[in-house]
Amino acid sequence: MPRKLFCQISPFTYNLSVKKCRLLRKISDALTFKNIAKTRSDKILPQLIYRHSSLIRRKLGNVRMDLQENKAVNLSIAAPKVNKILIRPGEVFSFWNLVGFPSEKAGYKPGLSISDGKAGESVAGGMCQFTNLIHWMVLHSPLTIVEHHHHDGIDMFPDFNRQVPFGTGTSIFYNYLDYRFKNETSVTFQLITYTTDKYLCGELRAEQSLDFSYHIFTENEGFIKEEDGIFRIGQVYRKVVDKKTGNILDTELIRNNHARVMYEIEL
């Protein structure tokens, strides 16, 4: 049997490890993280770069629907904390620096969470849907992703009304698993985020139009059976297109999926 990590010994050692990681992230940010995006503007920037909405209450295997209802509450609390934020040239967007610690005291409820490849529940669970939305919009822009974590190597639930390619999701955990991107352009961007009764909605806007458009596509998607289980495979690409000429300027592999399927499936 492999030796347990310190954080796996008991709930006490796990909580101690979490506190240590959070403290180290705070110290690191204090020393090195200077150009954080923190300015909001009620003036909406004129150019729409990309718009997306995602269904809040989705059927996910045997996950209790009350956790989906709680997620709706969590997202409604978090969305205004990001809404209308400007990301100026040279600035870095940090999800957790804007949203803050998602506690019960702040109104967050238990929602679905994933840890060690297993579904569970925790306060503010389901918030990764928010960073999923932001990440999908950022992929359609020249903004540079500087921190991005995956639910690596697992396919937890069968598809239900999937809108974006598998493998383009995010994994977050306050505060040391963050989602961050940097504006290395000369253009100011803005995020608009809000919830409706059914959807989490977002817009990525800019102060001027861009010369290029960005398109995400997949190839070789499918399921294969291996000695130790069934895996979901496929590649996710992004191409950059010159708006004036229509020429493809670059095609980049952004994700090579090989994820163990955690639900029953017949091949």
Thr170 versus His150: any side-chain heavy-atom pair under 4.5 Å?
-> no

Within a reach of under 6.0 Å around CD of Glu219, are more than 12 heavy atoms found that belong to other residues, nucleotides or ligands?
-> yes

Do Arg180 and Phe33 meet the cation-pi criteria used here (NZ or CZ under 6.0 Å from the six-membered ring centre, within 45° of the axis)?
-> yes

Are Lys84 and Asp42 ion-paired here, with the side-chain N under 4.0 Å from a carboxylate O?
-> yes

Value rounded to 0.5 Å, distance of CD1 in Ile27 from OG1 in Thr32 | 11.5 Å

CG on Leu249 to OG on Ser213, rounded to 0.5 Å = 9.0 Å

Sub-3.5 Å donor-acceptor pair from the side chain of Glu91 to the main-chain atoms of Asn35, do we have one?
-> no

Does the side chain of His148 come under 3.5 Å of the side chain of Tyr179 through a donor N or O and an acceptor N or O?
-> no

Are the side chain of Asn220 and the backbone N or O of Gly234 linked by a donor-acceptor pair below 3.5 Å?
-> no

State, yes or no, whether a side-chain contact exists between Asn97 and Asp29 at a heavy-atom distance under 4.5 Å.
-> yes

Taking the side chain as C-beta and beyond, is there a heavy-atom pair between Phe181 and Ile87 under 4.5 Å?
-> yes

Got a donor-acceptor contact below 3.5 angstrom from the Asp242 side chain to the Ile248 backbone?
-> no

Report yes if some heavy atom in the side chain of Arg22 is under 4.5 Å from a heavy atom in the side chain of Trp96; otherwise report no.
-> no

Is there a ring pair (Phe, Tyr, Trp, His ring centres under 6.0 Å) between Phe231 and His258 once you walk through the steps?
-> CA-CA 6 Å; Phe231 289 80; His258 183 260; 4.5 Å; yes

Okay, side chain of Asn70, backbone of Gly111: is any donor-acceptor separation there less than 3.5 Å?
-> no

Can you tell me if Gln129 and Ser54 form a side-chain donor-acceptor pair at under 3.5 Å?
-> yes

Neighbour count above 12 (heavy atom, 6.0 Å) for Asp159 CG | yes

Indicate yes or no: does Arg255 engage Asp152 in a salt bridge with an N to O separation below 4.0 Å.
-> yes

Side chains of Glu221 and Ile233: does their closest heavy-atom pair fall under 4.5 Å?
-> no

With Thr193, the side chain to side chain contact (heavy atoms under 4.5 Å, CB included) member among Leu200, Val82, Leu204 | Val82

Are Asn256 and Gln235 close enough that a side-chain donor and a side-chain acceptor fall under 3.5 Å?
-> yes

Taken in chain and number order and not counting sequence neighbours, the residues that satisfy ring-ring contact (aromatic ring centres under 6.0 Å, His included) with His151 are none

Rounding to 0.5 Å, atoms CZ (Phe223) and CG (Leu267) come to a distance of 8.0 Å

Just by distance, do the side chain of Arg25 and the backbone of Tyr174 share a donor-acceptor pair under 3.5 Å?
-> no

Is a donor on one side and an acceptor on the other found under 3.5 Å between the side chain of Ser28 and the backbone of Leu24?
-> no

Counting only heavy atoms not in Lys198, do more than 12 sit closer than 6.0 Å to its NZ atom?
-> no

Classify the side-chain pair Thr144/Glu184 by whether it contains a donor and acceptor separated by less than 3.5 Å.
-> yes

Backbone N/O of Phe93 and side chain of Lys182: donor-acceptor pair under 3.5 Å | no

Interatomic distance, CZ@Phe12 vs OG@Ser17, rounded to 0.5 Å, equals 9.5 Å

Just by distance, do the side chain of Asn183 and the backbone of Thr185 share a donor-acceptor pair under 3.5 Å?
-> yes

Joint cluster assignment, Ile134 & Trp136, ILVMFWY side-chain distance < 4.5 Å = yes

Do the non-hydrogen side-chain atoms of Phe189 and Leu143 ever get within less than 4.5 Å of each other?
-> yes

Non-hydrogen side-chain atoms of Gln47 and Arg205 separated by less than 4.5 Å | no

Can a salt bridge be assigned to the pair Asp250 and Arg238 using a cut-off of 4.0 Å between side-chain N and carboxylate O?
-> no

Could you tell me whether Arg64 and Glu121 have a side-chain N and a carboxylate O separated by less than 4.0 Å?
-> yes

Charged tip of Arg232 within 45° of Phe166 ring normal and under 6.0 Å = yes

Considering residues, nucleotides and ligands other than Lys34, do more than 12 of their heavy atoms fall under 6.0 Å from its NZ?
-> yes

Sub-3.5 Å donor-acceptor pair from the side chain of Asn175 to the main-chain atoms of Phe101, do we have one?
-> no

Within a radius of less than 6.0 Å around CD of Glu104, do more than 12 heavy atoms belonging to other residues, nucleotides or ligands occur?
-> no

Proximity of Phe130 and Phe95 rings by center, below 6.0 Å = yes

State whether the side chain of Glu207 and the backbone N or O of Thr188 hold a donor-acceptor pair below 3.5 Å, judged by distance alone.
-> yes

Do Ile85 and Thr39 come close enough that some side-chain heavy atom pair is under 4.5 Å?
-> no

